[in-house]
Amino acid sequence: MIPACRGQASHPRSMSLWEHGLHLFRSAVGVVLPAPMLRRAMVLKTDGCPRLVVRDRAFPVRRNLYLVGFGKAVLGMAAAAEEILGDHLIQGVVSVPHGIRACLQQAGMEEMLLKPHSRIQVIEGAKHNLPDREALRAASMIRELAEGLTADDLLLVLVSGGGSALLPAPTPPILLEEKEKVTKLLASRGATIQELNTIRKALSLLKGGGLARAAYPAQVLSLILSDVIGNPVDIIASGPTVYSSTSAQGCLQILTKYNLLSILPRSVETVLSSSISDPSGPKDYSHVYNVVIGSNSLALEEAKHQAEDLGYWTLILSAAVCGEVSRVARLYSQLIQFVCLSTAGLGEGPLRDQVRGDLLKLAAELEIPGLNLVDPLKALQGLESERWVCLLAGGETTVQLQGNGKGGRNQELALQVALELHRAKATGAGYFLGRCEVLFLSGGTDGQDGPTEAAGAFSSQDLVDKAAQEGLDVETFLSNNDSYTFFSKFRNGHHLLLTGLTGTNVMDIQAILIRARDR
Ligand SMILES: Nc1ncnc2c1ncn2[C@@H]1O[C@H](COP(=O)(O)OP(=O)(O)OP(=O)(O)O)[C@@H](O)[C@H]1O
Ligand SMILES: O=C(O)[C@H](O)CO
């Protein structure tokens, strides 16, 4: 469990920027932890006829509840759901990552484990995030449970990121190995999650609405924790309870784009061509209610709330930040320079116009969905000087791996931002950067950044110089994608964001905190 936020009792002014940043990150993650999220999402009302209330819908319950789930955060979600549902829950099966129970136990996160004698069966599988025999077994038990339901039953489906690998049910005659080969090839050739899951849906019995069809005529209530930008319910975990409009032609286009047509297993060709001759599956999904109960935006909203309480003028830039880390770092660095120019009271001037112009150009190039910097920059420009500023953003960046170092996209981003700011110090903006305290923080909400034990890292405009004093050359570490090694060495790991596994995942979060230095 993420420890309670430190420093809440202290006065914000006496807290360091790092304490503020940590508090914001922890609060953001806290709001999308399984138990609070489930408790907000559904309520069991027992006055009159017992019913499960989710948003504007009420589902009558009378010991007719079944539960299935798949995904990295689903064990904690199931534990919370079981507590809420009590005796109304008859039976359940969840497919969760290999080793997760031992991990949660070790981390002292017992509240995310099911009680002894639970009615929910747990299957651990998908070692290294790849579908395997255990995940296949779990998927077939989930399918069997769904197919056995009647019109009197309610199937609660818990979905989170990682669900695709944990619910493999290849359409015969495709074998698990064949499907895995196709998805692995697509991933290694740079396919997006939308492209990858479009193919997964076309080759699966349960994805792309298959689970909802299997459960018919039972009611299906799907509670979804989103790990995909924009929260597309048909893509998250490949949408097992969402109608899929994917055509076989669409799949062929993707396979052609990644040069895979000529090496497709025969079974995959067979399944795709049979869906070309029978493109329209049943479209009636009126028995299904899909609800996104946790997302990056929700986490950012909570962080905003907390930042405002601490006294910051706060803005959420976007919950859809994507693109190559080095370009995103440039965007953040220029934003920081712009804020420093503003809080230092430099109203107008060619320097600010230049930073503004560069920023707008870069933002347009990055094509971050929904990011419009024109209004935020205007608001920042109008801020009274010396005002504390907090900019928040979230999403998922990408790193083109070139070296063989150890790191993750968040640590690499924090280090790149430090380097960009260091370079900016040599320009006209240097003076204004020097007049501000700056903290840049980037972290994965699951508590694990790439294959490292850190969730992310934080940096500032002085990091490169300070590292040089310790004999650490930032550019050398970056060129080897070795951000984790860097942050572990630099100030004895003081700049690493270490939360441990959190039990949730709504992608990554960035916070920029800026305040004028006391003069
Ligand atoms: N040395 C490295 N430096 C920077 N990034 C790295 C490095 N090694 C791996 N990564 C990045 O880490 C990610 C893979 O880690 P992880 O398994 O946590 O990803 P994921 O499953 O997409 O993450 P999540 O579960 O948070 O969605 C990829 O984005 C990859 O580019
Ligand atoms: O499981 C998956 O497909 C990914 O995590 C996206 O949700």
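Counting starts at 1 for both ligands and their atoms, following the listed order.
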With Asn197, which of Gln194, Glu195, Arg200, Lys201 fulfils side chain to side chain donor-acceptor pair (under 3.5 Å)?
Arg200
Note: ligand 1 atoms sitting under 4.0 Å from heavy atoms of Gly405 are 1 (N)
Cys322 versus Pro369: any side-chain heavy-atom pair under 4.5 Å?
yes
Would you tell me whether Glu412 and Asn481 have side-chain atoms, one donor and one acceptor, within less than 3.5 Å of each other?
yes
Atom 9 (C) of ligand 1 - nearest protein heavy atom and its distance:
Pro451 CD, 3.7 Å
Which ligand 1 atoms does Glu396 reach within 4.0 Å, using its non-hydrogen atoms?
27 (O)
How far is atom 7 (O) of ligand 2 from the closest protein heavy atom, and which atom is that?
Asp227 OD1, 2.6 Å
Would you call Lys489-Glu470 a salt bridge at under 4.0 Å N-O?
no
In a check of side chain to side chain donor-acceptor pair (under 3.5 Å) between Tyr332 and each of Gln510, Gln416, Gln337, which one passes?
Gln510
Is it the case that ligand 1 has an N or O less than 3.5 angstrom from some N or O of Asp446?
yes
Between the side chains of Tyr289 and Gln219, does any donor sit under 3.5 Å from an acceptor?
no
Numbered atoms and elements of ligand 1 in range of Lys406, under 4.0 angstrom, heavy atoms:
1 (N)
What part of Asp482, side chain, backbone, both or neither, has a heavy atom within less than 4.0 angstrom of ligand 1?
neither
Taking only non-hydrogen atoms of Arg200, do any sit less than 4.0 angstrom from ligand 2?
yes
Would a 4.5 Å heavy-atom cut-off, applied to side chains only, mark Leu513 and Trp18 as touching?
no
Under a 4.0 angstrom heavy-atom cut-off, which atoms of ligand 1 come close to Glu412?
3 (N), 4 (C)
Quick note on ligand 1: atoms under 4.0 Å from a heavy atom of Asn505 include exactly 24 (P), 25 (O), 27 (O)
Can you tell me the protein heavy atom closest to atom 6 (C) of ligand 1 and the distance?
Gly407 O, 3.5 Å
Would Gly408 count as a contact residue for ligand 1, given that I'm defining contact as a non-hydrogen atom of the residue lying under 4.0 Å from a ligand atom?
yes
Specify the protein heavy atom at minimum distance from atom 25 (O) of ligand 1: its residue, its atom name, and the distance to 0.1 Å.
Lys72 NZ, 2.8 Å
Do the charged groups of Arg409 and Asp508 touch, with an N to O distance under 4.0 Å?
yes
Between Ser204 and Lys179, is there a side-chain heavy-atom distance shorter than 4.5 Å?
yes
Where on Met507 is there a heavy atom closer than 4.0 Å to ligand 1, on the side chain, on the backbone, on both, or on neither?
neither
Using a 3.5 Å cut-off on N or O atoms only, is Ser164 in polar contact with ligand 2?
yes
Identity and separation of the nearest protein heavy atom to atom 16 (P) of ligand 1:
Gly450 CA, 4.1 Å
Hey, are the side chains of Asp482 and Lys406 touching, using non-hydrogen atoms and a 4.5 Å cut-off?
yes
To which protein heavy atom is atom 29 (O) of ligand 1 closest, and what is the distance rounded to 0.1 Å?
Arg409 NH1, 3.3 Å
Does the N or O separation between Gly162 and ligand 2 drop below 3.5 Å for any pair?
yes
Knowing that exactly one of Gln106, Glu111, Gln105 qualifies, which makes a side-chain contact (heavy atoms from CB on, under 4.5 Å) with Met109?
Glu111
Considering only the protein, which heavy-atom contact is closest to atom 30 (C) of ligand 1, and what is its distance?
Leu401 CD1, 4.9 Å
Ligand 2 atoms in contact with Val228 (distance to a heavy atom under 4.0 Å):
6 (C), 7 (O)
Which protein heavy atom lies closest to atom 1 (N) of ligand 1, and at what distance to 0.1 Å?
Asn481 O, 2.9 Å
Using a strict cut-off of less than 4.0 Å between a Lys/Arg side-chain nitrogen and an Asp/Glu carboxylate oxygen, indicate whether Arg327 and Glu367 qualify as a salt bridge.
no
Say whether Ala237, considering both its backbone and side-chain N or O atoms, lies within less than 3.5 Å of an N or O atom on ligand 2.
yes
Nearest protein heavy-atom contact for atom 31 (O) of ligand 1: which residue, which atom, what distance?
Val399 O, 3.9 Å
Are the side chain of Ser333 and the backbone N or O of Ala329 linked by a donor-acceptor pair below 3.5 Å?
no
Arg189 to Tyr258, cation-pi by 6.0 Å centre distance and 45° axis angle
no
With atoms numbered from 1 as shown, which atoms in ligand 2 lie under 4.0 angstrom from a non-hydrogen atom of Ile236?
7 (O)
Is the shortest side-chain heavy-atom distance between Leu496 and Glu453 below 4.5 Å?
no
Whether His287 and Tyr285 hold their rings parallel, tilted or perpendicular, with breakpoints at 30° and 60°:
tilted
With backbone taken as N, CA, C and O and side chain as the heavy atoms from C-beta onward, which portion of Leu196 lies under 4.0 Å from ligand 2: side chain, backbone, both, or neither?
neither
Ser483: heavy atom below 4.0 Å from ligand 1, yes or no?
no
Close N or O approach (Gly163, ligand 2; < 3.5 Å):
yes
